[in-house]
Visitor: 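Dumping the structure here so I can ask a few things about it.
All values below were derived from every heavy atom in this structure, side-chain atoms included, with hydrogens, water molecules and symmetry-related copies excluded.
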Amino acid sequence: MTWTPWRSLAPHTPLSPTVLRELLDGGQAFCWYETDSVWEGTWGEHIARLRLSDNGQLEWSAPTTCPDASDALRHYLALDPEWEKTIDALPWRSDAVLASAMGNWPGLRILRQPFAETLLTFLCSSTKQIVQIKQGCAQMAATLGKSLPGGRHRLPDWEALHAADEDDLRACRLGYRARFIKQTAAFLAEHPGWLEETEALPYAEARARLITLPGVGAKIADCVLLFGAGRLESFPVDTWILKVMAQRYRLDGWKPEQVATFGRTHFGPLAGVAQQFLFADARAVRRIAPAGTDTSA
DNA sequence: TGACAGGGGGTGT
DNA sequence: ACACCCCCTGTC
């Protein structure tokens with residue numbers, strides 16, 4: 001397999017290796033792998049490589065057999081001038097916590113992933129860490145997904161998942177999530193067009209519908225809408241966000257659903273973007289803090 | 001290098 | 001509140 005020469009996606013806000021890692025491997029997407037500062041990833045039917053130039057600009061390469069991946073990449077990475085305006089509309093001027101987090105992660109953004117695929121990856125995510133989720137996704141792709149140029153496979157579509165045995169899914173180290181995926185696949189097979197309709201619905205209605213799927217609760221529904229449908233008002237609340245909000249916004253004792261509502265109200269139509277900055281901060285603190293350090297209380 | 005707990009980015013009952 | 005299911009991670 002030969003790959004195209006590197007070409008630039010500039011201009012955009014310069015990215016540091018740390019921010020790029022957070023973007024591609026921080027919990028939004030689970031199909032990116034890094035080798036010697038080169039990231040290779042798949043989304044939908046696409047595959048591409050990404051690296052950073054000396055001045056923090058993205059460069060890309062794709063298999064020579066693929067059509068120009070540049071447009072797909074720009075869309076996937078939200079590399080449009082609009083994004084800068086989007087960021088500026090966040091209430092950072094009146095929120096020092098948010099301003100600080102945004103300052104720590106310049107260029108961090110929300111990926112635009114395929115909806116159906118995002119539902120699948122986040123269905124795999126409950127009580128799993130990123131490494132484990134990635135393993136499950138890689139296994140599913142390898143065993144049930146169509147092959148892509150370059151030896152990798154794309155994630156299986158819901159039709160393929162419906163046709164698969166639960167044992168095939170279990171073999172992908174998905175644990176009890178295998179049953180949820182099978183049940184969801186069966187439901188989607190019985191209701192053609194349901195996913196597409198859901199994606200087109202307003203946020204609250206789409207969220208309510210997703211939650212009716214087996215294995216999809218409020219958190220996963222919010223992730224699917226934020227990362228897979230561009231619903232930037234979605235504010236996913238996991239245990240880390242729960243901690244951050246408790247500590248820095250004095251929301252001790254609040255329940256996840258209450259924090260989600262607070263987030264959407266406080267941060268407004270771009271709450272999910274704010275969430276991503278706060279989330280990145282929380283993850284960084286966890287990595288840097290010495291073992292046993294507890295900043296709560 | 002290897003065995004052994006502990007616990008995990010959530011959901012459903 | 002607790003089970004679900006399994007694997008990653010830290011530790012001895």
Visitor: Between A:F262 and A:H266, what is the ring plane arrangement, given parallel below 30°, perpendicular above 60°, and tilted in between?
Guide: parallel
Visitor: Looking at A:K219 and A:S125, what are the two nearest heavy atoms and their distance?
Guide: NZ-OG, 4.4 Å
Visitor: Mind calculating the distance between CZ (A:R179) and P (B:dT13) to the nearest angstrom?
Guide: 8 Å
Visitor: Check every strand shown and say whether A:G26 touches a base, only sugar-phosphate, or nothing at a heavy-atom separation below 4.0 Å.
Guide: base
Visitor: Confirm from the modelled atom types if A:R177 and B:dG10 form a donor-acceptor pair under 3.5 Å, side chain to base only.
Guide: no
Visitor: Mapping A:P214 and A:F227 onto DNA chain B by nearest heavy atom, which one lands closer to the 5' end?
Guide: A:F227
Visitor: Is the phosphate of B:dG9 approached by A:Q129 (side-chain N or O, under 4.0 Å from OP1 or OP2)?
Guide: yes
Visitor: Determine the minimum heavy-atom distance between A:R154 and A:E117, stating which atoms define it.
Guide: NH2-OE1, 4.3 Å
Visitor: Starting at atom CZ of A:F180, determine the distance to atom C1' of B:dG12, rounded to an integer number of angstrom.
Guide: 6 Å
Visitor: One thing to verify: whether A:R93 and A:D88 come together as a salt bridge, which I'm taking to mean a side-chain N less than 4.0 angstrom from a carboxylate O.
Guide: yes
Visitor: Indicate yes or no: does A:E166 engage A:R170 in a salt bridge with an N to O separation below 4.0 Å.
Guide: yes
Visitor: If you only use heavy atoms from C-beta on, which nucleotide in B:dG9, B:dG12, C:dC8 is closest to the side chain of A:Q135?
Guide: C:dC8
Visitor: What about A:Y176, does its side chain sit under 3.5 Å from the base of B:dG12 through a donor-acceptor pair?
Guide: no
Visitor: Expressed as a whole number of Å, how far does the P atom of B:dG9 sit from that of C:dG10?
Guide: 13 Å
Visitor: By the 4.0 Å heavy-atom rule, please label A:A178 as base, sugar-phosphate, or nothing.
Guide: nothing
Visitor: Within the structure shown, what part of the strands sits under 4.0 Å from A:L213 by heavy-atom distance: base, sugar-phosphate, or nothing?
Guide: sugar-phosphate
Visitor: When the nearest nucleotide of DNA chain B is assigned to A:I211 and to A:Q132 on a heavy-atom basis, which residue is associated with the more 5' position?
Guide: A:Q132
Visitor: Please report the distance, rounded to the nearest Å, between CG in A:L242 and P in B:dG8.
Guide: 13 Å
Visitor: How many whole angstroms separate atom CD of A:E166 from atom P of C:dC6?
Guide: 10 Å
Visitor: Where the side chain of A:I130 is concerned, which of B:dT11, B:dG9, C:dC6 is the nearest nucleotide?
Guide: B:dG9
Visitor: Taking any heavy-atom pair under 4.0 Å as a contact, classify A:P236: base, sugar-phosphate, or nothing.
Guide: nothing
Visitor: With heavy atoms under 4.0 Å as the rule, sort A:R170 into base, sugar-phosphate or nothing.
Guide: sugar-phosphate
Visitor: Go ahead and name the base partner of B:dG9; Watson-Crick or wobble counts if both distances stay under 3.5 Å, otherwise write none.
Guide: none
Visitor: With a 4.0 Å cut-off on heavy atoms, is A:G215 in touch with a base, just the backbone sugar-phosphate, or nothing at all?
Guide: sugar-phosphate
Visitor: Using the P atom in both, what is the distance from B:dA5 to C:dC5, to the nearest Å?
Guide: 22 Å
Visitor: Mind checking the C1' distance from B:dG7 to C:dA3? Whole angstroms is fine.
Guide: 14 Å
Visitor: Measuring from the side chain of A:D238 (C-beta onward, heavy atoms only), which nucleotide among C:dC8, B:dG12, B:dG9 has the closest atom?
Guide: B:dG9
Visitor: Within the structure shown, what part of the strands sits under 4.0 Å from A:T127 by heavy-atom distance: base, sugar-phosphate, or nothing?
Guide: base
Visitor: Between A:R112 (side chain) and A:H75 (backbone), is there a donor-acceptor pair under 3.5 Å?
Guide: yes
